[in-house]
Amino acid sequence: MGCQEVHAVTLFAFVCGTASVSGLFAATLLPQWRQMKLYTFNRNEKNLTVSMGLWVKCTRLEWSRECMIYDRDWYASVDQLDIRILQFALPFSILTAASGLILCLIGICNTTFTTNMPSLKLAKCLVNSAGCHLVAGMLFCLAGVMSVTPSAWVILYNSILNSKYGPYFTFDIAVFVAIGSSGGMFFTAALLFAWYCNCKSLTSSYWQPLYSHIPNMPNYIPPSYSSQAHMSPIEIDFPVTYTV
(Lines give C-alpha, C1' and ligand atoms only; values in the text may rest on other atoms or scores of the structure.)
Protein backbone atom coordinates (compact mmCIF):
# COMPACT_ATOMS: atom_id res chain seq x y z
CA MET A 1 0.00 0.00 0.00
CA GLY A 2 1.24 3.47 -0.82
CA CYS A 3 1.66 6.28 1.67
CA GLN A 4 -0.14 8.79 -0.53
CA GLU A 5 -3.45 6.96 -0.10
CA VAL A 6 -5.86 6.65 2.80
CA HIS A 7 -6.08 3.12 4.15
CA ALA A 8 -8.44 1.36 6.48
CA VAL A 9 -5.63 0.81 8.99
CA THR A 10 -5.24 4.51 9.72
CA LEU A 11 -8.98 5.10 9.98
CA PHE A 12 -9.35 2.03 12.21
CA ALA A 13 -6.49 3.30 14.39
CA PHE A 14 -8.22 6.67 14.75
CA VAL A 15 -11.50 4.98 15.75
CA CYS A 16 -9.73 2.74 18.28
CA GLY A 17 -7.85 5.70 19.70
CA THR A 18 -11.05 7.70 20.07
CA ALA A 19 -12.78 4.79 21.81
CA SER A 20 -9.80 4.30 24.14
CA VAL A 21 -9.70 7.97 25.14
CA SER A 22 -13.47 7.96 25.72
CA GLY A 23 -13.24 4.82 27.85
CA LEU A 24 -10.41 6.22 29.94
CA PHE A 25 -12.32 9.46 30.42
CA ALA A 26 -15.35 7.49 31.59
CA ALA A 27 -13.20 5.45 33.98
CA THR A 28 -11.80 8.65 35.43
CA LEU A 29 -15.29 9.89 36.26
CA LEU A 30 -16.70 6.59 37.51
CA PRO A 31 -17.14 6.38 41.30
CA GLN A 32 -16.52 2.62 41.30
CA TRP A 33 -12.78 2.17 41.70
CA ARG A 34 -12.84 0.47 45.08
CA GLN A 35 -15.54 -0.94 47.34
CA MET A 36 -15.33 -1.27 51.10
CA LYS A 37 -17.80 -3.52 52.95
CA LEU A 38 -18.85 -2.53 56.47
CA TYR A 39 -20.51 -5.39 58.30
CA THR A 40 -22.62 -5.19 61.46
CA PHE A 41 -23.71 -7.94 63.84
CA ASN A 42 -26.83 -6.04 64.85
CA ARG A 43 -29.90 -7.55 63.23
CA ASN A 44 -31.70 -4.21 63.36
CA GLU A 45 -29.08 -2.57 61.17
CA LYS A 46 -27.93 -3.27 57.65
CA ASN A 47 -24.50 -3.64 56.17
CA LEU A 48 -23.00 -0.71 54.31
CA THR A 49 -21.06 -0.51 51.05
CA VAL A 50 -18.70 2.39 50.40
CA SER A 51 -17.87 2.98 46.73
CA MET A 52 -14.75 5.07 46.20
CA GLY A 53 -13.92 6.92 43.02
CA LEU A 54 -11.17 9.32 42.13
CA TRP A 55 -13.25 12.37 42.97
CA VAL A 56 -16.34 11.31 44.92
CA LYS A 57 -17.32 8.66 47.48
CA CYS A 58 -20.75 7.08 47.86
CA THR A 59 -22.01 5.29 50.99
CA ARG A 60 -25.12 3.16 50.51
CA LEU A 61 -26.93 0.24 52.05
CA GLU A 62 -25.89 -3.20 50.89
CA TRP A 63 -27.73 -4.31 47.72
CA SER A 64 -28.97 -0.75 47.22
CA ARG A 65 -28.02 1.67 44.46
CA GLU A 66 -29.07 4.90 46.17
CA CYS A 67 -26.39 6.83 48.00
CA MET A 68 -27.10 7.66 51.61
CA ILE A 69 -24.00 9.85 51.88
CA TYR A 70 -22.47 11.41 48.78
CA ASP A 71 -19.08 12.91 49.56
CA ARG A 72 -18.17 15.45 46.88
CA ASP A 73 -15.00 16.53 48.69
CA TRP A 74 -13.45 13.07 48.61
CA TYR A 75 -10.85 14.15 46.04
CA ALA A 76 -9.27 16.52 48.58
CA SER A 77 -9.24 14.08 51.50
CA VAL A 78 -8.09 10.89 49.77
CA ASP A 79 -5.99 8.80 52.16
CA GLN A 80 -5.12 5.97 49.74
CA LEU A 81 -1.93 6.32 47.74
CA ASP A 82 -3.04 4.48 44.61
CA ILE A 83 -6.14 6.62 44.15
CA ARG A 84 -4.11 9.78 44.72
CA ILE A 85 -1.67 8.75 41.99
CA LEU A 86 -4.55 7.96 39.64
CA GLN A 87 -5.90 11.48 40.12
CA PHE A 88 -2.75 12.81 38.43
CA ALA A 89 -1.87 9.96 36.05
CA LEU A 90 -5.18 9.50 34.23
CA PRO A 91 -5.75 13.17 33.25
CA PHE A 92 -2.19 13.36 31.88
CA SER A 93 -2.76 10.11 30.03
CA ILE A 94 -5.96 11.48 28.48
CA LEU A 95 -4.19 14.67 27.35
CA THR A 96 -1.31 12.68 25.85
CA ALA A 97 -3.65 10.35 23.97
CA ALA A 98 -5.71 13.32 22.76
CA SER A 99 -2.52 14.85 21.33
CA GLY A 100 -1.88 11.57 19.52
CA LEU A 101 -5.41 11.65 18.12
CA ILE A 102 -4.84 15.16 16.76
CA LEU A 103 -1.61 14.09 15.06
CA CYS A 104 -3.30 11.00 13.64
CA LEU A 105 -6.11 13.16 12.25
CA ILE A 106 -3.57 15.55 10.71
CA GLY A 107 -1.87 12.62 8.97
CA ILE A 108 -5.17 11.28 7.65
CA CYS A 109 -6.27 14.70 6.40
CA ASN A 110 -2.88 15.21 4.77
CA THR A 111 -3.13 12.03 2.73
CA THR A 112 -6.79 12.72 1.92
CA PHE A 113 -6.79 16.36 0.87
CA THR A 114 -3.23 16.89 -0.34
CA THR A 115 -2.96 16.88 -4.10
CA ASN A 116 -0.28 14.92 -5.88
CA MET A 117 1.20 18.07 -7.37
CA PRO A 118 0.97 20.91 -4.83
CA SER A 119 1.84 24.46 -5.66
CA LEU A 120 5.32 25.81 -5.09
CA LYS A 121 4.17 28.07 -2.21
CA LEU A 122 2.57 25.20 -0.27
CA ALA A 123 5.24 22.59 -0.87
CA LYS A 124 7.37 23.79 2.06
CA CYS A 125 4.39 23.61 4.47
CA LEU A 126 3.38 20.01 3.84
CA VAL A 127 3.63 17.52 6.69
CA ASN A 128 4.73 13.95 6.22
CA SER A 129 1.85 11.61 7.11
CA ALA A 130 4.25 8.85 8.12
CA GLY A 131 5.90 11.21 10.59
CA CYS A 132 2.54 12.17 12.07
CA HIS A 133 1.57 8.54 12.60
CA LEU A 134 4.96 7.70 14.07
CA VAL A 135 4.79 10.42 16.72
CA ALA A 136 1.10 9.67 17.36
CA GLY A 137 1.98 6.02 18.01
CA MET A 138 4.65 7.08 20.50
CA LEU A 139 2.16 9.31 22.30
CA PHE A 140 -0.37 6.46 22.49
CA CYS A 141 2.30 4.16 23.95
CA LEU A 142 3.18 6.78 26.56
CA ALA A 143 -0.48 7.34 27.41
CA GLY A 144 -1.04 3.60 27.75
CA VAL A 145 1.88 3.22 30.15
CA MET A 146 0.71 6.18 32.25
CA SER A 147 -2.77 4.70 32.59
CA VAL A 148 -2.22 0.94 32.86
CA THR A 149 0.52 1.09 35.50
CA PRO A 150 -1.44 2.85 38.29
CA SER A 151 -4.64 1.04 37.28
CA ALA A 152 -3.01 -2.36 37.70
CA TRP A 153 -1.49 -1.18 40.96
CA VAL A 154 -5.02 -0.78 42.38
CA ILE A 155 -5.40 -4.58 42.24
CA LEU A 156 -2.14 -5.09 44.12
CA TYR A 157 -2.94 -2.36 46.62
CA ASN A 158 -6.27 -4.05 47.43
CA SER A 159 -4.41 -7.13 48.63
CA ILE A 160 -2.22 -4.89 50.79
CA LEU A 161 -5.29 -3.25 52.36
CA ASN A 162 -6.97 -6.62 52.93
CA SER A 163 -3.90 -8.03 54.64
CA LYS A 164 -3.68 -4.95 56.84
CA TYR A 165 -7.33 -4.28 57.74
CA GLY A 166 -9.19 -7.44 56.81
CA PRO A 167 -11.05 -8.73 53.74
CA TYR A 168 -13.21 -5.66 53.31
CA PHE A 169 -11.80 -4.14 50.10
CA THR A 170 -12.46 -5.12 46.48
CA PHE A 171 -11.65 -3.35 43.22
CA ASP A 172 -14.58 -2.34 41.07
CA ILE A 173 -15.56 -1.97 37.42
CA ALA A 174 -13.60 1.24 36.76
CA VAL A 175 -10.34 -0.72 37.07
CA PHE A 176 -11.34 -3.02 34.20
CA VAL A 177 -12.50 -0.08 32.07
CA ALA A 178 -9.19 1.73 32.57
CA ILE A 179 -7.06 -1.35 31.83
CA GLY A 180 -9.16 -2.14 28.75
CA SER A 181 -8.78 1.43 27.51
CA SER A 182 -5.03 1.23 28.05
CA GLY A 183 -4.96 -1.95 25.96
CA GLY A 184 -6.84 -0.10 23.23
CA MET A 185 -4.16 2.60 23.25
CA PHE A 186 -1.41 0.02 22.79
CA PHE A 187 -3.37 -1.56 19.95
CA THR A 188 -3.80 1.85 18.32
CA ALA A 189 -0.05 2.47 18.61
CA ALA A 190 0.64 -0.91 16.98
CA LEU A 191 -1.59 -0.03 14.03
CA LEU A 192 0.13 3.34 13.56
CA PHE A 193 3.58 1.77 13.78
CA ALA A 194 2.55 -0.82 11.19
CA TRP A 195 1.47 1.97 8.84
CA TYR A 196 4.74 3.81 9.42
CA CYS A 197 6.87 0.71 8.80
CA ASN A 198 5.23 0.41 5.40
CA CYS A 199 6.26 3.99 4.59
CA LYS A 200 9.74 4.06 6.14
CA SER A 201 11.40 3.58 2.75
CA LEU A 202 10.79 7.24 1.97
CA THR A 203 13.97 9.25 1.60
CA SER A 204 12.48 12.44 3.02
CA SER A 205 12.74 13.22 6.71
CA TYR A 206 9.79 12.85 9.10
CA TRP A 207 8.54 16.42 9.03
CA GLN A 208 9.35 17.25 5.41
CA PRO A 209 7.14 16.79 2.34
CA LEU A 210 6.80 13.33 0.90
CA TYR A 211 8.19 14.57 -2.40
CA SER A 212 11.88 14.11 -3.15
CA HIS A 213 11.90 17.44 -5.01
CA ILE A 214 9.56 20.37 -5.35
CA PRO A 215 7.22 19.79 -8.29
CA ASN A 216 7.11 22.09 -11.31
CA MET A 217 10.66 23.28 -10.58
CA PRO A 218 13.08 22.81 -13.50
CA ASN A 219 16.11 20.76 -12.61
CA TYR A 220 19.50 22.43 -13.11
CA ILE A 221 21.67 20.55 -15.58
CA PRO A 222 25.33 21.63 -15.50
CA PRO A 223 26.81 22.43 -18.91
CA SER A 224 29.03 19.81 -20.43
CA TYR A 225 32.54 20.73 -21.45
CA SER A 226 34.48 19.03 -24.22
CA SER A 227 37.80 17.35 -23.54
CA GLN A 228 39.46 19.86 -25.84
CA ALA A 229 38.28 22.71 -23.66
CA HIS A 230 39.83 21.09 -20.59
CA MET A 231 43.14 20.48 -22.42
CA SER A 232 43.44 23.93 -24.01
CA PRO A 233 46.21 26.07 -22.51
CA ILE A 234 45.48 29.49 -21.04
CA GLU A 235 48.01 32.19 -21.89
CA ILE A 236 48.23 35.26 -19.68
CA ASP A 237 50.71 38.09 -20.37
CA PHE A 238 52.23 39.69 -17.30
CA PRO A 239 53.99 43.05 -17.66
CA VAL A 240 57.73 42.91 -16.92
CA THR A 241 59.78 45.93 -15.86
CA TYR A 242 63.63 46.18 -15.80
CA THR A 243 65.61 48.27 -13.39
CA VAL A 244 69.25 49.33 -13.98
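Taking CG from Leu61 and CG from Leu48, the interatomic distance works out to 6.0 Å, rounded to the nearest 0.5 Å. Distance CG/Leu90 to CG/Leu24: 5.0 Å, rounded to 0.5 Å. Atom CD1 in Ile69 sits 13.0 Å away from atom CZ in Arg60 (nearest 0.5 Å). With rounding to the nearest 0.5 angstrom, the SG atom of Cys104 is 11.0 Å from the CD1 atom of Ile102. Of the inter-residue distances, the one linking Leu105 atom CG with Thr10 atom OG1 reads 10.5 Å to the nearest 0.5 angstrom. Within the model, atoms CG of Asp82 and CG of Leu161 stand 7.0 Å from one another, a figure rounded to the nearest 0.5 Å.
Not counting sequence neighbours, the partners of Phe171 by the ring pair (Phe, Tyr, Trp, His ring centres under 6.0 Å) test are Phe176. Remark: Gln35 pairs with Asp172 by the side-chain hydrogen bond (donor to acceptor under 3.5 Å, both in side chains) rule, at least two apart or across chains. Applying the side-chain contact (heavy atoms from CB on, under 4.5 Å) rule to Phe187 yields the partners Phe12, Cys16, Leu191; only residues at least two apart in sequence or on another chain are considered. Taking Val145 as the reference, Thr149, Phe186 meet the side-chain contact (heavy atoms from CB on, under 4.5 Å) condition, with sequence neighbours excluded. By the side-chain hydrogen bond (donor to acceptor under 3.5 Å, both in side chains) test, Asn47 is found to be paired with Glu62, residues two or more places apart in sequence or in another chain being considered.
Closest approach of Met185 and Gly144 over heavy atoms only: SD-N, 3.8 Å. In plain terms, the two heavy atoms of Ser151 and Ile179 that are nearest each other are CB-CG1, 3.9 Å. Counting all heavy atoms, side chain and backbone alike, Ala13 lies closest to Leu192 at CB-CD2, 3.8 Å. Scanning both residues, Pro150 and Leu86, for their nearest heavy atoms gives CB-CD2, 3.5 Å. Closest heavy-atom contact between Gly53 and Trp33: CA-CD1, 4.0 Å. Residue Ala27 comes nearest to Ala174 through the heavy atom pair CB-O, 3.9 Å, listed as atom of the first residue, atom of the second, then distance.
Hydrophobic cluster membership is shared by Met52 and Leu156, with clusters built from Ile, Leu, Val, Met, Phe, Trp and Tyr side chains linked at under 4.5 angstrom. With hydrophobic clusters built from ILVMFWY side chains whose heavy atoms lie under 4.5 angstrom apart, Val154 does not share a cluster with Ile173. Criterion: ILVMFWY side-chain heavy atoms under 4.5 Å apart, direct or through other members. Under it, Ile155 and Ile85 are part of a common hydrophobic cluster. Transitive grouping of hydrophobic side chains (ILVMFWY, heavy atoms separated by less than 4.5 Å) brings Val50 and Tyr168 into a common cluster.
Within the structure, ring pair (Phe, Tyr, Trp, His ring centres under 6.0 Å) pairs that include any residue of residues 133-166 comprise His133-Trp195, Trp153-Tyr157 (at least two apart or interchain). Listed by first and then second residue, the side-chain hydrogen bond (donor to acceptor under 3.5 Å, both in side chains) pairs that reach into residues 66-80 are Arg34-Gln80, sequence neighbours excluded. A salt bridge (Lys or Arg N to Asp or Glu O under 4.0 Å) check over residues 49-59, counting only residues at least two apart or in different chains, returns nothing. Pairs of residues two or more places apart, or lying in two chains, never qualify as side-chain hydrogen bond (donor to acceptor under 3.5 Å, both in side chains) while including a residue from residues 89-101. For residues 173-188, the set of pairs meeting the side-chain hydrogen bond (donor to acceptor under 3.5 Å, both in side chains) definition, not counting sequence neighbours, comprises Ser147-Ser182. Within the structure, disulfide bond (SG atoms under 2.5 Å apart) contacts touching residues 63-97 (residues at least two apart or in different chains) are Cys58-Cys67.
Inter-residue side-chain proximity for Ile83 and Leu54 is flagged as met; some heavy-atom pair is nearer than 4.5 Å. Side-chain contact between Leu38 and Thr59 is absent, with no heavy atoms from C-beta onward closer than 4.5 Å.
The number of heavy atoms from other shown groups lying within 6.0 Å of CG (Leu81) is above 12. Counted within 6.0 Å of CZ on Phe25, heavy atoms from surrounding residues, nucleotides or ligands total 12 or fewer; the atom is thus considered open.
In this structure, the side chain of Trp55 does not engage the main chain of Gln87 through any donor-acceptor pair within 3.5 Å. Proximity of a side-chain donor or acceptor of Asn162 to a complementary backbone N or O of Phe169 within less than 3.5 Å is detected.
Taking a 4.5 Å side-chain heavy-atom cut-off between Ile, Leu, Val, Met, Phe, Trp and Tyr, the cluster of Phe92 extends to Leu142, Met146.
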